[in-house]
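Remarks on the structure that follows.
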Amino acid sequence: IRFSRRLSGKVVKFLLEVVKATLACLPFLFNLIIMNTSTFTNQARVVVPQATCNIRAQERFAANAPSACKPLAASACLSARRSMGGSIGGSNAAFGARRTCARVNSRSAAKIVAEAEAAAEEEPVETITMDINEIMAVLPHRYPFLLVDRVTELAAGKYAKGYKNVTVNDNFFPGHFPGRPLMPGVLQVEAMAQLGGLVLLPPGGAEGTDQIFFFGGIEKCRFKKTVIPGDKLEMEVKLIKMNPRFGIAKMEGRAYVDGTLACEAELMLILVKNKEKK
């Protein structure tokens, strides 16, 4: 009897300790469950509205897109909506939102931008031609450093195409080189820069223009073919970037002889006021 009483007392004490330990752990377990639930809910609330905003931005772009891009833009919006999932508050919606951002922005949006740029390039641009007198009315260069004979196509502020007829009478051939006349590469680049200046400078009247341009830099310059007397150096220059505030322009130029690339370079031109112009 005494043994059974002692045993039952120990069992009761053990059970009491277990109950106390369990009660002490309950608040910790309760807080842990609440934190996990709130974290998952906040993630879903943050991701889903972000994806919804992306879809709305896609819809606005589709509404304002050029006519050639509207079918592709509408297809991208439909794909984004399907990938959102059925319910907005669950894990499927969060996963669909992430998938929407990755797929629409990396694939469909890139295609839409490419189609928009292609459509913009296809728009008709007004072009003009210029003879030597019209060129001299804009460029301040004169003999022996005027290296553009005619402009065959000029879109102001966009691009220009022209040529220089290389003859043995050019003053640099006697010294470059005796017995083997070659047009210096730096003069080929200078000729492209003068053609690029016609893209930037406004048309001049009888008194010329009130702006001139200087070289600011030359990058990625390569010479592919020699230019000799009798060649026709056909050039094309395209405006890549323009900073009107500081008058700095970046242009891409290429020169050809009989359809073969002779020279290419990226040119930086700086527009300044002509102090001699009154």
Side-chain angles (χ1 to χ4, degrees), residues 68 114-201 203 213 215-242 249-269:
E115 291 290 338
E117 292 178 352
E121 292 179 356
E122 292 177 358
E123 295 180 359
V125 179
E126 183 179 356
T127 60
I128 61 172
T129 60
M130 300 178 71
D131 59 22
I132 188 62
N133 294 318
E134 293 170 331
I135 292 173
M136 293 178 66
V138 178
L139 293 181
H141 306 76
R142 294 296 182 267
Y143 177 85
F145 225 70
L146 181 59
L147 302 177
V148 181
D149 292 337
R150 180 174 289 272
V151 176
T152 58
E153 189 175 346
L154 171 63
K158 294 184 180 295
Y159 70 92
K161 297 180 180 180
Y163 62 83
K164 171 180 171 50
N165 291 315
V166 183
T167 69
V168 73
N169 295 321
D170 287 321
N171 69 331
F172 46 80
F173 281 130
H176 195 279
F177 298 100
R180 189 181 180 183
L182 298 175
M183 183 178 182
V186 292
L187 295 184
Q188 298 176 36
V189 178
E190 170 66 23
M192 292 190 297
Q194 292 182 14
L195 185 62
L198 294 172
V199 177
L200 302 177
L201 295 175
F213 64 92
F215 254 132
I218 306 172
E219 296 180 354
K220 301 179 182 179
C221 184
R222 295 291 185 273
F223 301 101
K224 307 289 187 178
K225 177 180 171 61
T226 58
V227 182
I228 61 176
D231 286 340
K232 182 178 181 180
L233 190 65
E234 298 176 325
M235 302 169 288
E236 57 183 35
V237 180
K238 181 180 179 181
L239 181 64
I240 300 176
K241 186 185 297 184
M242 179 67 188
K250 187 174 183 180
M251 314 193 79
E252 184 181 68
R254 290 185 175 88
Y256 300 86
V257 174
D258 296 331
T260 302
L261 181 64
C263 175
E264 61 180 351
E266 289 185 0
L267 314 174
M268 181 182 295
L269 305 181

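Note: hydrogens, waters and symmetry copies are ignored here, and every other heavy atom, side chains too, is used. What you see is a predicted model; the values in this text were computed from it and never measured.
Scanning both residues, Gly157 and Leu239, for their nearest heavy atoms gives O-CD2, 3.2 Å. Between Pro181 and Ile228, the closest heavy-atom pair is O-CG2, 3.7 Å. When all heavy atoms of Thr127 and Ala155 are compared, the pair lying nearest together is CG2-CB, 4.1 Å. Closest approach of Gln188 to Val227, counting heavy atoms only: NE2-CG2, 3.5 Å. Closest non-hydrogen pair, Ala265 versus Ile218, comes out as CB-CG2, 4.2 Å. Closest non-hydrogen pair, Gly253 versus Met192, comes out as C-SD, 3.5 Å.
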Given Glu252 and Arg254, is the side chain to side chain contact (heavy atoms under 4.5 Å, CB included) satisfied, shown in steps? CA-CA 7 Å; Glu252 184 181 68; Arg254 290 185 175 88; 3.4 Å; yes
Using the side chain to side chain contact (heavy atoms under 4.5 Å, CB included) rule, take Leu139 and Phe213 through it: C-alpha gap first, then chi angles, then the decisive distance, then the call. CA-CA 9 Å; Leu139 293 181; Phe213 64 92; 3.8 Å; yes
Stepwise side chain to side chain contact (heavy atoms under 4.5 Å, CB included) test for Leu146 and Ile132: CA-CA 10 Å; Leu146 181 59; Ile132 188 62; 3.7 Å; yes
Step-by-step side chain to side chain contact (heavy atoms under 4.5 Å, CB included) determination, Leu182 to His176: CA-CA 6 Å; Leu182 298 175; His176 195 279; 4.1 Å; yes
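Lys241 NZ to Met268 CE: the interatomic distance, rounded to the nearest 0.5 Å, is 8.5 Å. Taking CG from Leu200 and CE from Met251, the interatomic distance works out to 4.5 Å, rounded to the nearest 0.5 Å. One finds the NZ atom of Lys161 at 13.0 Å from the CE atom of Met235 (value rounded to the nearest 0.5 Å). One distance of note links CG of Asp258 with CG of Leu233; it measures 10.5 Å at 0.5 Å rounding. Note that SG of Cys263 and CE of Met183 are 9.5 Å apart. Values are rounded to the nearest 0.5 Å. Between Leu267 atom CG and Gln194 atom CD the span is 11.5 Å, to the nearest 0.5 Å.
A salt bridge between Lys250 and Glu266 is present, with a side-chain N of the basic residue lying under 4.0 Å from a carboxylate O of the acidic one.
Between Val189 and Phe223, the closest side-chain pair of non-hydrogen atoms falls below 4.5 Å. Residues Phe215 and Leu269 meet the side-chain proximity criterion, which asks for heavy atoms closer than 4.5 Å.
Asp149 places a side-chain N or O within 3.5 Å of a backbone atom of Asn165 that can act as its donor or acceptor partner. A donor-acceptor pair under 3.5 Å links the side-chain atoms of Asp131 to the main chain of Asn133, judged by distance alone.
Under a cut-off of 6.0 angstrom, the local environment of CZ in Arg142 is crowded, with over 12 non-hydrogen atoms contributed by other residues, nucleotides or ligands.
With sequence neighbours excluded, the residues forming a salt bridge (charged side-chain N to carboxylate O under 4.0 Å, His left out) with Asp170 are Lys164, listed by chain and number.
When each of Ile135, Val199, Leu195 is checked for a side-chain contact (heavy atoms from CB on, under 4.5 Å) with Leu154, only Val199 meets the rule.
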